[in-house]
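Quick note: residue numbers are just sequence positions, from 1.
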Amino acid sequence: MKPFHLVLMLFLCLLVSRSSFAQDKDGKREPSRSKETGVATTVHKKKKIKLHVTYDSLFIRDYDNLLSVTLPFSTSYLMVDITDKANKSVLNFRPKQDLNVGLGLGYQWLGLSYSVAPGALNPTDKSRGTTQYTDYSFSFSGRRFILDMYFEQYQGFFINNYASFPKQSKTDTSVIFPQRPDMKAISTGLSFYYLQNYTRFSYKAAFGCSEEQLKSAGTFLYGGYISTFNMSADSGLVSGKYKKYLGGYCSIDHSNSLNIGMAVGYMYSFVIKKHFYATISINPGFSYLNYRSHAYGQRDTVSGHRDSTYLVKSNSNLGFRLQSRIALGYNSPRWYAGINFAGDAFYQNESVARSSLDYSIGSFRVFVGYRFNVPLLNRIWPNIFHTDNHINLEGGGSGT
């Protein structure tokens, strides 16, 4: 994904934000008290629309008028498992995971961050080879709705569980993981969720740090998702001695899938003493799955090239996805720090000659940050976009 595409996505979302959500007339929020419950709430006055979004200020505190600077350390993964359904053999393909370091900035409705994996923090590991990757994500977090998009590309995998297979001979004492530098995987996805208890639960407090959860609360999530996965190699995905145990993918050099599904989950934030929090979310979903797998054909005796158009399998099935989110940290008006884990596991239920291919994506992040009050920025920042919504763009890639 090129930088131009990120700029275009940001511009389109600004248009959505401006047209879908009315802004305050003077760019300020006024506290009010509910006539029915007497609970203090923060009311966002609408310029044209009478309906307005409120939240309980006893449960949520907003920090969007402060400039946040975040220092994150993170690692991400895209894991692939090929399983033989007859003998239960599993082949685990893993990328070499690097430690990323970056910088994040957030103010009002906009958050930007980028990270790289510098060579100084990631020494060469000959036993696992190298992995080149690109990772971009975009999120639009409102008080009631969440929209997430991502693009991930990895090239270079190794077989993580090679030791669980019998050795070819008594002299086979290698401790180097079998490597597939030619193997390439691309994963893209989009998800949209509605938060039921949006007045008392803040998604941005746990995973955006632009707000703070003051009291424990939870919410149901309802929504849907679309994901694609494409994996290819110069030769069969399963090679060498592993052909004996996973014959279904021996000649398959290209496999792709599409998932379109619905999901219902639950997320809860525990507030521990003052400013400490723990958030957990489980969000299962079922999808319509369409997958295709190709195999290299016989070598042409004239041109010497293989026939790459031989279609092995094309079918539809029921897919399953399990999304999990965990956040632990400290969140105060100035300092904040934490640990975040995000994982999506796709069980595709494919059936190619007794074998199936499943994959999972995820990230693990440790971060620390500080919020600054910048009066000059408050004066020059455009007043037309004072909303509850937050746009966040994240990027990352292999270091040099």
Q: Check residues 322-332 and write down every donor-acceptor pair under 3.5 Å in which the side-chain atom is one partner and the other belongs to a residue at least two apart or another chain.
A:
unit_1: Gln323; atom_1: OE1; unit_2: Asn283; atom_2: ND2; d: 3.2
unit_1: Arg325; atom_1: NH1; unit_2: Gly343; atom_2: O; d: 3.4
unit_1: Arg325; atom_1: NH1; unit_2: Asp344; atom_2: OD1; d: 3.1
unit_1: Asn331; atom_1: OD1; unit_2: Arg371; atom_2: NH1; d: 3.3
unit_1: Asn331; atom_1: OD1; unit_2: Arg371; atom_2: NH2; d: 2.9
unit_1: Asn331; atom_1: ND2; unit_2: Glu211; atom_2: O; d: 2.8
unit_1: Ser332; atom_1: OG; unit_2: Trp335; atom_2: N; d: 3.1
unit_1: Ser332; atom_1: OG; unit_2: Trp335; atom_2: O; d: 2.7

Q: Could you work out, with side-chain contact (heavy atoms from CB on, under 4.5 Å) as the rule, every residue matching Thr188, not counting sequence neighbours?
A: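 Phe151, Ile186, Thr228.
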Q: Do the ring planes of Phe346 and Tyr359 sit parallel (below 30°), tilted (30 to 60°) or perpendicular (above 60°)?
A: parallel
Q: Given Ile60, which of Glu212, Arg143, Lys215 fulfils the side-chain contact (heavy atoms from CB on, under 4.5 Å) condition?
A: Arg143
Q: Output every pair passing salt bridge (Lys or Arg N to Asp or Glu O under 4.0 Å) with a member in residues 176-193, not counting sequence neighbours, ordered by first then second residue.
A: Arg180-Asp182
Q: Please round to the nearest 0.5 Å and tell me the distance separating atom OG of Ser137 and atom CE of Met149.
A: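 One finds 10.0 Å between OG of Ser137 and CE of Met149.
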Q: With a 3.5 Å cut-off and no angle check, do the side chains of Ser360 and Tyr77 form a donor-acceptor pair?
A: no
Q: Check whether Thr75 reaches the backbone of Leu99 with its side chain - one donor and one acceptor, N or O, closer than 3.5 Å.
A: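 Judged by distance alone, no pair lies under 3.5 Å.
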Q: Taking it one step at a time, do Arg200 and Gln213 satisfy side chain to side chain contact (heavy atoms under 4.5 Å, CB included)?
A: CA-CA 8 Å; Arg200 294 189 171 186; Gln213 187 79 42; 5.5 Å; no
Q: Look up atom CZ in Phe286 and atom CG in Leu318, then write down how far apart they are to the nearest 0.5 Å.
A: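 Phe286 atom CZ to Leu318 atom CG measures 6.5 Å (nearest 0.5 Å).
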Q: Calculate, to the nearest 0.5 Å, the distance between atoms CG and CD belonging to Asp98 and Gln132 respectively.
A: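 The distance works out to 8.5 Å.
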Q: Does Lys241 use its side chain to pair, donor to acceptor, with the backbone of Pro166 at less than 3.5 Å?
A: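 Flag set: sc Lys241 to bb Pro166 pair under 3.5 Å.
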Q: Around Phe372, counting heavy atoms of other residues, nucleotides and ligands shown, do more than 12 lie under 6.0 Å from its CZ?
A: yes
Q: When rounded to the nearest 0.5 angstrom, what distance separates CG in Leu393 from OG in Ser113?
A: 8.0 Å
Q: Are any side-chain N or O atoms of Asp358 and backbone N or O atoms of Gln348, one a donor and one an acceptor, separated by less than 3.5 Å?
A: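 Flag set: sc Asp358 to bb Gln348 pair under 3.5 Å.
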Q: Parallel, tilted or perpendicular for Tyr162 and Phe177, by the 30°/60° rule?
A: perpendicular
